[in-house]
Amino acid sequence: MTLLVQCEFRVKRSGHAPEFIRLARALASAAAEEPGTLRYQWFVAQRPGHYSILEEYVDAAAAETHNGNVGALLSELFSVAELVSVSFYGELNKYLRDWATGRDGVSINVPL
């Protein structure tokens with residue numbers, strides 16, 4: 001079963017929006033080269049300064065690999081934006097369970 005991840009970000013200041021968009025596009029380009037990444041699509045949310053992403057991976061290991069591949073870009077992204085929420089749909093591995101533990105705004109939805 002695949003792993004679907006939905007995240008919402010908020011830019012820290014309105015002037016950071018162009019840099020956020022540049023970084024989001026760079027992340028999407030990097031994800032397009034990853035064989036375990038099935039979907040990596042950014043959206044502009046209705047609230048100003050908010051952006052959402054839908055990520056789909058063949059499994060949790062592919063999501064972990066993605067995070068490892070784009071660590072430098074994610075660090076840059078978090079310098080201009082904050083993570084508002086994350087929803088996981090599917091089975092998590094230890095890496096993702098550990099990451100999610102104790103974080104606000106994280107929901108984990110497992111298959112029936």
- Does anything in residues 77-93 pair up under salt bridge (charged side-chain N to carboxylate O under 4.0 Å, His left out), and if so which pairs, sequence neighbours excluded? Arg10-Glu82

- For Arg13, which residues count as a side chain to side chain donor-acceptor pair (under 3.5 Å) partner, sequence neighbours excluded? none

- Task: Name all pairs fulfilling the ring pair (Phe, Tyr, Trp, His ring centres under 6.0 Å) condition that reach into residues 91-112, sequence neighbours left out, sorted by first residue then second.
- Result: none

- Under a side-chain separation threshold of 4.5 Å, the hydrophobic residues clustered together with Tyr89 are Leu4

Which pairs would a plain distance check flag for residues 35-44, meaning a side-chain donor or acceptor within less than 3.5 Å of a matching protein atom at least two apart in sequence or in another chain?
from: Thr37; atom 1: OG1; to: Glu34; atom 2: OE1; distance (Å): 2.7
from: Arg39; atom 1: NE; to: Gln41; atom 2: OE1; distance (Å): 3.1
from: Arg39; atom 1: NH2; to: Gln41; atom 2: OE1; distance (Å): 2.8
from: Tyr40; atom 1: OH; to: His66; atom 2: NE2; distance (Å): 3.4
from: Trp42; atom 1: NE1; to: Ala24; atom 2: O; distance (Å): 3.1

- Query: If you look at every heavy atom in Thr2 and Tyr57, which pair is closest and at what distance?
  - Reply: CB-O, 3.2 Å

- With sequence neighbours excluded, give me every side chain to side chain donor-acceptor pair (under 3.5 Å) pair touching residues 101-112. Ser87-Ser107

- Query: What pairs meet the salt bridge (charged side-chain N to carboxylate O under 4.0 Å, His left out) rule with one or both residues in residues 48-60, with sequence neighbours excluded?
  - Reply: none

- Who are the side chain to side chain donor-acceptor pair (under 3.5 Å) partners of His50, not counting sequence neighbours? Glu8, Arg47

- Going by side-chain heavy atoms closer than 4.5 Å, which hydrophobic residues are tied to Val84, directly or by a chain of links? none

- Note on the structure: The side chain to side chain contact (heavy atoms under 4.5 Å, CB included) partners of Ile108 (sequence neighbours excluded) come to Phe88, Leu92, Ala100, Val106, Val110

- Task: List for me each residue that meets salt bridge (Lys or Arg N to Asp or Glu O under 4.0 Å) alongside Glu76, sequence neighbours excluded, and say none if there are none.
- Result: Arg22

